[in-house]
Amino acid sequence: AGLGLALGQGGLGEEIDEIRNRADLMVMIGTQPSHDFPEFYRRCGVGDPVSQLREIVFVGSAVDPTCSGMNSVAARSVPWSGDAYSTLSTLNALCKRRPIGAAGTLRELAQRLLAAKYVVFVWEPGRLPGAQAALLVESINQLAKTINRTTRAGGLALAGNDGGLSAGQTLAWLSGL
């Protein structure tokens, strides 16, 4: 999903150091990272007094239980509005300030995305719902690009269990992509 998108349109990738030092809003897309990446929050500086991160929103997923009790970080959940495709499409339209009918929770999230200083979207490609994960990744990337018109946003795909990410990058390099 990610390689084709990066080659076709470019990706807006983030590094964990950047999240730790700059992000004030983290949006999890259909995932609770602690299941597969138990050190994720610690490595991102979540709850660290010097971290800028103050809010984590779980879209299409319940709040990760690991987030309960973290100092100075609010965590909440926003359900899918229909499905993942329509939810991300609606958020994209709202962030472009298009007049559309949308649930109050999505309107509120879109306002928060546009008001944040630095948004990072986090997802696990293998946990994205539906048969067309590439379309969801493209929609997340488009949302980050839209937000970048007025502030800063990027994405972090959590992958690589059992060397999958390294194998994909090696094959891309060997094929000349």
Side-chain angles (χ1 to χ4, degrees), residues 1-6 9-80 84 87-88 91 95 109 112-129 133-134 136-148 151-173:
L3 183 59
L5 174 67
Q9 297 180 346
L12 298 170
E14 298 300 330
E15 295 178 359
I16 287 182
D17 286 345
E18 223 173 342
I19 295 170
R20 184 183 318 114
N21 295 328
R22 294 192 166 101
D24 60 329
L25 174 60
M26 185 182 293
V27 180
M28 305 296 184
I29 307 293
T31 189
Q32 295 179 334
S34 68
H35 292 258
D36 290 326
F37 304 94
E39 293 293 312
F40 175 74
Y41 296 112
R42 184 191 63 75
R43 292 185 65 205
C44 288
V46 176
D48 189 323
V50 297
S51 172
Q52 300 293 312
L53 188 64
R54 295 295 173 252
E55 184 178 4
I56 302 174
V57 179
F58 292 83
V59 178
S61 172
V63 172
D64 193 330
T66 305
C67 290
S68 63
M70 288 189 177
N71 297 332
S72 69
V73 178
R76 65 186 173 106
S77 177
V78 173
W80 296 128
T87 300
L88 291 171
L91 281 173
C95 287
L109 178 55
R112 182 65 187 100
L113 291 170
L114 293 170
K117 293 178 183 176
Y118 198 116
V119 180
V120 62
F121 296 98
V122 179
W123 69 95
E124 290 181 69
R127 291 192 183 270
L128 289 174
L136 294 174
V137 173
E138 185 175 339
S139 193
I140 295 167
N141 211 25
Q142 183 58 49
L143 186 54
K145 288 178 182 179
T146 298
I147 293 167
N148 273 322
T151 186
R152 180 78 175 100
L156 177 65
L158 297 177
N161 297 9
D162 300 322
L165 185 59
S166 297
Q169 291 174 334
T170 301
L171 291 172
W173 174 71

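In terms of the side chain to side chain donor-acceptor pair (under 3.5 Å) criterion, residue partners of R42 (sequence neighbours excluded) are, by chain and number, E39. Under the rule for a side chain to side chain donor-acceptor pair (under 3.5 Å), the partners of T31 that lie at least two apart in sequence or sit in another chain are E124. With sequence neighbours excluded, the residues satisfying side chain to side chain donor-acceptor pair (under 3.5 Å) with R112 are E55.
Residues K117 and T151 share a closest heavy-atom pair of O-OG1, 2.8 Å. Closest non-hydrogen pair, G60 versus W80, comes out as CA-CE2, 3.4 Å. Nearest heavy-atom pair, A62 versus S77, reported as atom, atom and distance to 0.1 Å: CA-OG, 3.9 Å. Across all their heavy atoms, P129 and A84 have their closest contact at CG-CB, 3.7 Å. Among all heavy-atom pairs drawn from A133 and L128, the shortest one is O-CD1, 4.1 Å. Considering all non-hydrogen atoms of both residues, S139 and L88 come closest at OG-CB, 3.3 Å.
Using modelled atom types, no side-chain atom of R22 and backbone atom of Q52 make a donor-acceptor pair closer than 3.5 Å. Here the side chain of S51 pairs no donor or acceptor atom with the backbone of G47 at under 3.5 angstrom. Without hydrogens or angle criteria, N148 side chain to A144 main chain gives a donor-acceptor distance under 3.5 Å.
In this structure, NE2 in H35 is found 7.0 Å from OG in S61, a value given to the nearest 0.5 Å. To the nearest 0.5 angstrom, T146 atom OG1 is 9.0 Å from L114 atom CG.
For the pairing with F40, the side chain to side chain contact (heavy atoms under 4.5 Å, CB included) check across T66, L156, V46, D64 returns one residue only, L156.
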